[in-house]
Amino acid sequence: MKVLIGELAARTGVSPRSLRYYEKQGLLIPERSVNGYREYPESAVDTVGVVRRLIAAGLCTGTIARVLPCVRAEGAQVVPCAGLVSELAVERARITAQLAELSHSRALLDEVIAAAQ
DNA sequence: CTTCTAACA
DNA sequence: TGTTAGAA
């Protein structure tokens with residue numbers, strides 16, 4: 001069965017607006033019915049779940065688009081193919097670097113706060 | 001009523 | 001991202 005954007009939104013908890021945005025980013029590729037309506041396969045429900053997960057994991061849409069065809073949804077878990085692990089490790093390293101920057105910012109802000117009269 | 005695109009207090 | 005206008 002094909003599902004329209006409204007139903008997919010209801011079944012995933014993701015707004016139609018975001019669903020269209022994901023498409024523009026190349027994350028979702030629905031077919032079009034004669035009236036121009038987007039028609040998603042049932043599998044899109046899982047795909048959207050994976051996308052949400054990866055976004056929450058801090059990946060940009062571009063990276064998600066490249067990684068998407070190499071991952072499978074297993075319940076709430078996102079399972080990547082073996083060859084993808086190294087690339088994901090790079091993302092992890094990037095996040096680690098961000099954490100360092102954030103703690104630095106926090107430390108500087110702490111100094112400013114501590115200087116309060 | 002539902003979806004589409006484009007654009008914005 | 002939300003929301004909205006006008007059209008289909």
Side-chain angles (χ1 to χ4, degrees):
Chain A
M1 318 293 154
K2 295 300 183 182
V3 323
L4 295 183
I5 196 169
E7 188 183 333
L8 182 60
R11 289 166 54 172
T12 59
V14 174
S15 69
R17 174 75 162 81
S18 294
L19 257 16
R20 297 190 184 100
Y21 176 68
Y22 294 166
E23 179 180 352
K24 182 169 296 183
Q25 299 307 298
L27 305 181
L28 240 40
I29 38 186
E31 296 179 342
R32 293 291 183 138
S33 58
V34 286
N35 53 41
Y37 286 10
R38 273 166 264 251
E39 292 188 317
Y40 302 86
E42 298 283 338
S43 62
V45 175
D46 286 331
T47 303
V48 172
V50 170
V51 170
R52 295 299 298 183
R53 264 274 154 175
L54 296 181
I55 286 178
L59 301 194
C60 64
T61 56
T63 301
I64 295 176
R66 282 186 278 100
V67 161
L68 211 49
C70 257
V71 300
R72 58 198 186 77
E74 200 169 289
Q77 312 297 304
V78 175
V79 185
C81 61
L84 213 62
V85 180
S86 63
E87 189 174 343
L88 294 178
V90 173
E91 293 301 318
R92 207 205 104 99
R94 184 175 54 67
I95 290 177
T96 297
Q98 287 190 312
L99 281 173
E101 288 182 20
L102 278 175
S103 56
H104 182 219
S105 295
R106 182 178 59 183
L108 292 178
L109 186 54
D110 280 342
E111 287 180 19
V112 175
I113 292 174
Q117 309 292 315

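In what follows, every heavy atom counts, from backbone to side chain, and hydrogens, waters and symmetry copies are set aside. Treat the numbers as computed from the prediction; the structure is a model and nothing was measured. Every chain is numbered from 1, with letters handed out A, B, ... down the list of sequences.
- Taking only distance into account, the side chain of A:Tyr37 meets the base of B:dT2 through a donor-acceptor pair shorter than 3.5 Å.
- For the atom pair CZ of A:Arg53 and CD1 of A:Ile64, the computed distance is 12.5 Å after rounding to the nearest 0.5 Å.
- Summarising the geometry, the separation between CZ on A:Arg20 and C1' on B:dA6 is reported as 11 Å, rounded to the nearest angstrom.
- Minimum atom distance to the side chain of A:Arg32 is reached by B:dT5, of the listed B:dT3, B:dT5, C:dT3.
- Listed here is the closest heavy atom pair of A:Thr47 and A:Leu27: CG2-O, 4.2 Å.
- Between A:Lys2 and A:Tyr37, the closest side-chain pair of non-hydrogen atoms is not below 4.5 Å.
- Nucleotides of DNA chain B nearest to A:Lys24 and A:Gly6 differ in position, and the one nearer the 5' end is that of A:Gly6.
- Comparing C:dG2, B:dT5, C:dA8 against the side chain of A:Ser18 picks out C:dG2 as the nearest.
- Across all strands shown, B:dT5 pairs with C:dA5; the Watson-Crick or G-U wobble distances both stay below 3.5 Å.
- Taking 4.0 angstrom as the limit, A:Tyr22 places a side-chain polar atom (N or O) nearer than this to OP1 or OP2 of C:dT1.
- For the pair A:Arg94 (side chain) and A:Gly58 (backbone), a donor-acceptor distance under 3.5 Å is present.
- In this structure, A:Ile5 atom CD1 and C:dT1 atom C1' are separated by 14 Å, rounded to whole Å.
- As a whole-Å value, the separation of A:Glu39 CD from B:dC4 P is 10 Å.
- For the pair A:Leu8 CG and B:dC4 P, the computed distance is 11 Å after rounding to whole Å.
- With rounding to whole Å, A:Tyr21 atom OH is found 16 Å from B:dA6 atom P.
- A donor N or O paired with an acceptor N or O is not found under 3.5 Å between the base of B:dT3 and the side-chain atoms of A:Arg38.
- Between the side chains of A:Arg52 and A:Tyr22, at least one donor-acceptor pair of N or O atoms lies under 3.5 Å.
- As a whole-Å value, the separation of A:Glu31 CD from B:dT3 P is 17 Å.
- Side-chain proximity of A:Ser15 to the nucleotides C:dG2, C:dT1, B:dT3 is greatest for C:dG2.
- Look at CG on A:Leu19: it is 15 Å from C1' on C:dG2, rounded to the nearest Å.
- For the pair A:Arg17 and C:dT3, the criterion of a side-chain N or O lying under 4.0 Å from OP1 or OP2 is not met.
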